[in-house]
Amino acid sequence: MSDKCGLSRFKECNVLNLDEIGITEKHADLLLVCSRIVIVIEETRVMKSSDIDQVEQTLYNIKNNKEKYGIDSDPSRLIGIIHSTKRFDSIAIKVLATKSRRGLVLDKAECCESLIRKIQLILSKTGEK
């Protein structure tokens, strides 16, 4: 998956395409590594529960083996975002909300502008911007 939304505009962050770095297990599409903040992004047309599973699995894999993802220090925050270009399945939205209440930081973005705004907000709250 490519950087369709221009995430490379965040100069303080490194955009990693997980397919290109050879991650073989179930994983999301992109990582945005901004110092000690790691944002996992799954790009999809219509969000499904399986997309949430991929983000969740990637978050857990990073926690357990950050070096495999090229992350040197322990992340202070791990956040998952599902970026859907068409629509969100209503059942998947409920699953997302349930998992978010269980301690995972998961969010959704409806378009590139929404994704960029969410990332800017995350970075501004932590002083990374």
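Looking at Val38 and Leu59, their side chains never come closer than 4.5 Å, going by heavy atoms from C-beta outward. Looking at Cys34 and Leu123, their side chains come closer than 4.5 Å, going by heavy atoms from C-beta outward. Within the 4.5 Å cutoff, no side-chain heavy atoms of Ile79 are placed close to those of Val40.
Remark: Gln57 CD to Lys26 NZ distance equals 7.0 Å, nearest 0.5 Å. The CD atom of Glu56 sits 12.0 Å away from atom OG of Ser50, with the distance rounded to the nearest 0.5 Å. Between the CD atom of Glu43 and the SG atom of Cys112 there is a distance of 7.0 Å, given to the nearest 0.5 Å. In this structure, CG in Asp53 is found 10.5 Å from OG1 in Thr58, a value given to the nearest 0.5 Å. With values rounded to the nearest 0.5 angstrom, His83 atom NE2 is found 10.5 Å from Lys118 atom NZ. For the atom pair OG (Ser114) and CD1 (Ile81), the distance works out to 8.5 Å, reported to the nearest 0.5 Å.
In terms of modelled atom types and a separation under 3.5 Å, the side chain of Asp51 and the main chain of Lys48 share a donor-acceptor contact. At least one donor-acceptor pair under 3.5 Å links the side chain of Arg36 to the backbone N or O of Asp74. With Ser124 contributing its side chain and Leu121 its backbone, the two residues share a donor-acceptor pair below 3.5 Å. Put simply, the side chain of Asn65 never gets that close to the backbone of Asn61: no donor and acceptor are under 3.5 Å apart. Judged purely by atom type and a 3.5 angstrom limit, Glu42 uses its side chain to pair as donor or acceptor with the backbone of Asp29. In this structure, Thr44 contributes its side chain and Ser84 its backbone to no donor-acceptor pair below 3.5 Å.
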Could you give me the CA-CA distance, side-chain angles and deciding distance for Ile39 and Ile119, then say whether side-chain contact (heavy atoms from CB on, under 4.5 Å) is met?
-> CA-CA 8 Å; Ile39 303 170; Ile119 293 169; 4.1 Å; yes
Chi angles and distances behind the side-chain contact (heavy atoms from CB on, under 4.5 Å) call for Leu18, Tyr69 = CA-CA 8 Å; Leu18 294 181; Tyr69 294 84; 3.8 Å; yes
Step by step, work out the side-chain contact (heavy atoms from CB on, under 4.5 Å) result for Cys5 and Glu113.
-> CA-CA 8 Å; Cys5 295; Glu113 293 81 20; over 6 Å; no
So Thr85 and Val46, side-chain contact (heavy atoms from CB on, under 4.5 Å) or not? Walk me through it.
-> CA-CA 7 Å; Thr85 57; Val46 178; over 6 Å; no
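The two residues Ser76 and Ile37 come nearest to each other via the heavy atoms OG-CG1, 4.3 Å. Minimum interatomic distance between Val105 and Leu78 (heavy atoms only, all atoms of both residues): CB-O, 3.7 Å. In terms of heavy-atom proximity, Gly80 sits nearest to Val55 at CA-CG1, 3.6 Å.
Of the options Leu16, Asn17, Val15, a side-chain contact (heavy atoms from CB on, under 4.5 Å) to Leu31 is made by Leu16 and by none of the others.
In the displayed structure, Asp72 atom CG is contacted under 6.0 Å by at most 12 heavy atoms of other residues, nucleotides or ligands. No more than 12 heavy atoms of other residues, nucleotides or ligands lie within 6.0 Å of NZ in Lys63, so this atom counts as exposed by the packing criterion.
One finds a salt bridge joining Lys68 and Glu25 here, because a Lys/Arg side-chain nitrogen approaches an Asp/Glu carboxylate oxygen to under 4.0 Å.
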